[in-house]
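Here you go, one structure.
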Amino acid sequence: MATDTPLRPADSATFDEDRGSQARPVPPASGWAPRLRRLIGIEEPLLAWVPEERTRYTWYGALVVNTALLGALSMVLALSSFRSDLPLAAVVGVAVIWFWVVLALDSWLVSSTHGTTVRKWTLAVRFFLSVLLGLFIAEPILFQIFDKEIRQEIAVGNEQKVADYRGMLVSCNPTDGAATTDRPECARYQLKVAGSPAELARQIRTNGDRTAALRTQVADINKTLDDKLATEQRLCGPKYWIWRGGVRDVTITCERARKATSEYEKNSKVKTYEKQLQAMVDHGQALSARKDRAADDYQPLLQKAIDDKTRQRAADLDTDGILTRAHGLKEVAASDGFALFLTIVLHLLLLCLDAMPVLAKVLSGATTYDTLLGARHRTSRRLFAEELEVQHTCARLEHDVQRHRVRLDTDDRMRRLEHEHQRAQAERAARERAELEERMGRIMRARRSVTNSL
């Protein structure tokens, strides 16, 4: 019978017996090649059926490793350029971590493309992800290639920025100290230097205005005080004296006038205002003297302030930041046609190198290994579906058995319950008959006793 025919083991089968080719699958490989293929998700037992493609997938794994090494090199160059203060151990540690991240990402991108069921749009998405990764890896390498030109461009740009900043400081801070607040472009470039002629002139005007106002206030107070003194002298004169206790004395009106004069002189603080007025006059004279000397003293102070601000601006300018270097690379490419051509070519070359694992898959298309893997996937799905169907059938039969067992058990319990019910009824009927017979016996005995007595 057909079912009695022994099956040939899988490891002894041949891939093409008619051609007399070598036995398939071939013996497993050893060395570093299987490890490279394992990085991209290749299954050696399945690849043993198509050993002709071992070389292809070995170099495929080497491409992934090379991309990860290129990413680690890019990270080392980036850290050494942008964070030169980091110790060597930190740089190496970050580079190793980045190597692992790139290796894991590329391994996933490549391993997820195996099989004939991979669609073109999924390959396009994976290629897009690899291009993004390539851009991140390529930029530090480009910065290192054009390092000399970028630094020169940054230096020239910073010198121009410092010169423009100094020019605005000079324009917005004239040597005569004139105010430039009416110029909107000077809002960020105005310096505060003490002792400018214009500032001293403004202080002299302010002090003169305050002195004039205080002088007017003091004059008004003195005029009112003079009026009160004149009133006091008039009311306290001999004309208004009176006899009091035999002595000539002033009147109460005179005393009130004197008191009013004294209170007004005290409350008006005329002495304090006169001292303040004298101090303002002295301060105005000092300011006038300083203004005469300001023309010679202000210009060196202004020049020193402009020099300090210029040096601070030059120190604050960035020379190694990633954005600064990117702007420098753009300026280098824009200033020379060959530099632009070389930048584009290097960008494309590095992007192709970084995207080569997925790009190679897109260019090579489906291989025999992919066909076998797809067939195994389909077989696995079919076997799994059949296994699910078998499990479903077994579960359904088990449920049928359980239902039949419950049905038989129910019938048996119903018969036992019926039998017990019938037995209980019979026993109850027997008890009732016995009770009736006993009662009939008592009645008969009672009748016989009555008859005998009669």
Side-chain angles (χ1 to χ4, degrees), residues 169-184 186-309:
L169 290 177
V170 173
S171 175
C172 296
N173 298 276
T175 55
D176 59 353
T180 58
T181 55
D182 57 336
R183 296 170 57 184
C186 293
R188 298 170 48 223
Y189 301 97
Q190 292 176 351
L191 300 177
K192 293 182 179 180
V193 181
S196 66
E199 178 64 20
L200 291 175
R202 186 188 64 79
Q203 293 179 10
I204 290 173
R205 288 194 301 271
T206 302
N207 186 76
D209 296 339
R210 295 177 59 190
T211 302
L214 188 57
R215 183 177 286 113
T216 301
Q217 184 179 359
V218 170
D220 294 339
I221 294 174
N222 287 330
K223 182 178 180 301
T224 303
L225 186 59
D226 291 341
D227 294 340
K228 288 184 176 294
L229 288 174
T231 302
E232 177 187 345
Q233 291 176 1
R234 182 174 55 82
L235 296 175
C236 295
K239 180 180 178 180
Y240 294 97
W241 287 356
I242 61 173
W243 288 95
R244 182 180 298 168
V247 181
R248 300 188 70 180
D249 196 0
V250 296
T251 62
I252 296 177
T253 306
C254 173
E255 292 177 355
R256 290 176 178 174
R258 287 177 179 176
K259 184 179 179 181
T261 302
S262 299
E263 290 179 353
Y264 181 78
E265 183 178 5
K266 179 181 179 182
N267 295 332
S268 63
K269 300 180 181 180
V270 64
K271 299 298 183 182
T272 303
Y273 290 150
E274 287 177 348
K275 291 180 181 179
Q276 292 179 359
L277 179 61
Q278 184 61 40
M280 287 183 180
V281 172
D282 295 340
H283 183 61
Q285 292 175 356
L287 289 176
S288 298
R290 287 176 58 189
K291 182 181 178 183
D292 295 337
R293 301 190 304 269
D296 297 330
D297 298 339
Y298 176 70
Q299 188 170 358
L301 295 176
L302 177 62
Q303 187 64 34
K304 182 178 181 303
I306 292 176
D307 293 340
D308 293 342
K309 281 289 186 179

**Report entry** Met280 versus Asn207, closest heavy-atom pair with distance
**Finding:** O-ND2, 2.9 Å

Query raised in the report: Going by the salt bridge (Lys or Arg N to Asp or Glu O under 4.0 Å) test, which pairs reach into residues 209-225, not counting sequence neighbours?
Result: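 As it turns out, the salt bridge (Lys or Arg N to Asp or Glu O under 4.0 Å) pairs with a partner in residues 209-225, which skip direct neighbours, are Lys223-Asp227.
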
Query raised in the report: Stepwise, does the side-chain contact (heavy atoms from CB on, under 4.5 Å) test hold for Glu274 with Asn222?
Result: CA-CA 10 Å; Glu274 287 177 348; Asn222 287 330; 3.7 Å; yes

Query raised in the report: If you take all heavy atoms of Val170 and Ile306, which pair is closest and at what distance?
Result: CG2-CD1, 4.0 Å

Requested in this report: With sequence neighbours left out, write down each residue that passes salt bridge (charged side-chain N to carboxylate O under 4.0 Å, His left out) with Asp308, or none if nothing qualifies.
Outcome: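 Here the qualifying residues are Lys304, Arg311.
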
